[in-house]
Each structure stands twice: as C-alpha cells, then as structure tokens.
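Worksheet for the structure shown next.
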Amino acid sequence: MNARIDFFANPVAGKVLRHINSAGRAAGDALSHTTQDLVKIRASQINGCGFCTDMHTKDAAAAGETQLRLNLVATWREATVFTEAERAALELAEQGTRIADAAGGVTDEAWANAAKHYNEDELTALISLIAIINAYNRINVINQQPAGDYQPGQFG
C-alpha cells in the first residue's frame, strides 16, 4: 500500500503539518505524556488510523508505557489498569471523536467527570489534543498513509 500523496515531501503539506505540530506542542505542555498518548491512541483506533495508532503506541511503549495498558486502551471501560483521571480523558476523547454519532456531542456527564480530574488549562489542552489528533487521523486516513514502519521518536 502506498500513500496517495507523499505528505513528508510535499511543500504545502509541510506547512500544514508544521502548524498542526506547533498546536500540538502548545496543547501538550499542560498534560502528562501518558494522558496524551492514551487520548491519541484511542481517537486513532476509533478513526481507523493505522498510521497514528502505530506511531502513538510505539512512542508510548518507548516512553515506558506497559504492553498491558496499550493492549487494553480499546477496552478501557472494562480494564482495571487506568486511573479515574485517565478514564475521564478517554471518555472525553471518545465522545469528542464521535461527535457525529450523538446530536449533543460530549455529554454533560462526561464533561463534569473530566472537570473533576483536570483544571481549566488541562481541559483546554485535552479539547485541543482531541481536535488535533482527529485532524491528523483524517489526513492519514484520506491519504491512505501506510502503517507499520514507524520507528519510535521518528518525528521528534
């Protein structure tokens, strides 16, 4: 499988990716890397983005995340290995990713639960991170970016 466009060589794509990466760095300053990784992985799983799922699971593992937790991200509701704060972030990520599936978007209950665990800056970062990973997922899915060859830390 080949990507439709070489996003890593295209000058327009390069400009777009630099801006998205910059936004991601700004949002990431307020959240733990563990929370960021879990949110990116879950949204990427939901969106069927193999490239991002590959990237973020490998980066998380290289940063010390356990294989057990990585294996259970997709079934976090039944898993006992996530903190209450992580579970709240995963719920927000799921509802924020599936906004087309529910007329109301993110429920008040999911928001209130996240607000119990995260302050305003962290919630702002979570909202931004969810939007950013969804943008990356859409770019990669539309472009049919192949998955499997990513090396941890390859892009930064």
Side-chain angles (χ1 to χ4, degrees), residues 1-65 69-74 76 82 85-102 104-107 110-111 113-115 117-156:
M1 179 166 154
N2 293 315
R4 291 174 167 159
I5 296 171
D6 184 350
F7 253 67
F8 305 111
N10 182 282
V12 173
K15 289 178 189 176
V16 171
L17 296 178
R18 276 192 297 281
H19 287 290
I20 296 173
N21 287 340
S22 178
R25 282 190 298 279
D29 290 344
L31 289 172
S32 74
H33 287 288
T34 300
T35 300
Q36 291 180 57
D37 289 337
L38 294 174
V39 165
K40 291 174 185 177
I41 292 164
R42 187 64 192 126
S44 299
Q45 290 170 335
I46 291 166
N47 288 323
C49 184
F51 185 83
C52 288
T53 301
D54 180 42
M55 171 194 260
H56 298 300
T57 55
K58 287 177 178 175
D59 282 346
E65 186 58 79
R69 284 171 42 98
L70 292 173
N71 291 345
L72 293 174
V73 171
W76 64 267
F82 300 105
E86 290 168 341
R87 296 168 73 75
L90 287 164
E91 178 69 20
L92 193 65
E94 280 196 7
Q95 289 190 20
T97 297
R98 297 178 184 211
I99 55 175
D101 296 343
V106 173
T107 65
W111 181 259
N113 191 32
H117 300 284
Y118 299 98
N119 65 35
E120 189 171 293
D121 286 347
E122 293 166 330
L123 288 167
T124 300
L126 268 171
I127 292 168
S128 301
L129 181 66
I130 293 163
I132 292 163
I133 192 59
N134 274 276
Y136 264 120
N137 292 163
R138 280 148 179 77
I139 288 169
N140 288 318
V141 169
I142 293 166
N143 195 41
Q144 294 184 348
Q145 192 67 41
D149 295 331
Y150 178 80
Q151 296 301 310
Q154 182 176 337
F155 297 120

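The first residue of the sequence shown is numbered 1, and numbering continues consecutively from there.
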(request) Report yes if some heavy atom in the side chain of N119 is under 4.5 Å from a heavy atom in the side chain of E122; otherwise report no. (result) yes
(request) In sequence, state the C-alpha distance, the side-chain angles, and the governing distance for E91 and V106, and then conclude on side chain to side chain contact (heavy atoms under 4.5 Å, CB included). (result) CA-CA 9 Å; E91 178 69 20; V106 173; over 6 Å; no
(message) Please report the interatomic distance CG(L31) to CG(L38), rounded to the nearest 0.5 Å.
(response) 11.0 Å
(request) Go through the steps to decide whether R42 and T97 satisfy the test side chain to side chain contact (heavy atoms under 4.5 Å, CB included), and finish with yes or no. (result) CA-CA 9 Å; R42 187 64 192 126; T97 297; over 6 Å; no
(message) For a 4.5 angstrom cut-off between non-hydrogen side-chain atoms, does L17 reach Y136?
(response) yes
(request) Mind checking side-chain hydrogen bond (donor to acceptor under 3.5 Å, both in side chains) for N140 and listing every partner two or more places apart, or none if nothing turns up? (result) none
(request) Would you please classify the geometry between the F155 ring and the F8 ring as parallel, tilted or perpendicular, with 30° and 60° separating the classes? (result) parallel
(message) Within this structure, what is the CZ-CG distance for the pair F51 and D149, rounded to the nearest 0.5 Å?
(response) 9.0 Å
(request) Could you go through the side-chain hydrogen bond (donor to acceptor under 3.5 Å, both in side chains) check for N21 and R25 one step at a time? (result) CA-CA 6 Å; N21 287 340; R25 282 190 298 279; 5.5 Å; no
(message) Within this structure, what is the CD-CG distance for the pair Q145 and N137, rounded to the nearest 0.5 Å?
(response) 12.5 Å
(message) In the structure I gave you, are the side-chain heavy atoms of D37 and E65 within less than 4.5 Å of one another anywhere?
(response) no
(request) Please check if the side chain of S22 supplies one atom and the backbone of R18 the other of a donor-acceptor pair under 3.5 Å. (result) no
(request) Could you check if a side-chain atom of L126 sits within less than 4.5 angstrom of a side-chain atom of T35, using non-hydrogen atoms only? (result) yes
(message) Taking the side chain as everything from C-beta on, heavy atoms only, tell me whether T53 gets closer than 4.5 Å to N47.
(response) no
(request) Without swapping roles, check the side chain of N10 against the backbone of V12 for a donor-acceptor pair under 3.5 Å. (result) yes
(message) Rounded at 0.5 Å granularity, tell me how far CD1 in I130 sits from CD in Q95.
(response) 10.0 Å
(request) Would you check if K40 and I132 make a side-chain contact, meaning some heavy-atom pair closer than 4.5 Å? (result) no
(message) To the closest 0.5 Å, what do you measure between CG (L123) and OG (S128)?
(response) 10.5 Å
(request) Give a yes or no answer on whether the side chain of R138 reaches the backbone of N134 with a donor-acceptor pair at less than 3.5 Å. (result) yes
(message) Do I133 and S44 make a side-chain contact, defined as non-hydrogen atoms from C-beta onward lying under 4.5 Å apart?
(response) yes
(request) Look at the side chain of R4 and the backbone N and O of I142, then say whether any donor-acceptor pair between them is shorter than 3.5 Å. (result) yes
(request) Enter the distance from Q45:CD to E94:CD here, rounded to the nearest 0.5 Å. (result) 9.0 Å
(request) Kindly give the heavy-atom pair with the smallest separation between H117 and A88, and that separation in Å. (result) CD2-CB, 3.8 Å
(message) Taking side-chain hydrogen bond (donor to acceptor under 3.5 Å, both in side chains) as the criterion, tell me which of T57, D59, D54 meets it with Y150.
(response) D59
(request) Over all heavy atoms of both residues, which pair between A27 and A125 is shortest? Give the atoms and the distance, please. (result) O-CB, 3.0 Å
(message) In the structure I gave you, are the side-chain heavy atoms of E86 and W76 within less than 4.5 Å of one another anywhere?
(response) no
(request) Determine, stepwise, if the pair L92 / Y118 fulfils side chain to side chain contact (heavy atoms under 4.5 Å, CB included). (result) CA-CA 12 Å; L92 193 65; Y118 299 98; over 6 Å; no
(request) Give the minimum heavy-atom separation between G105 and I99, together with the two atoms involved. (result) CA-CG2, 4.3 Å
(message) Other residues, nucleotides and ligands only: do more than 12 of their heavy atoms fall within 6.0 Å of CG on D29?
(response) yes
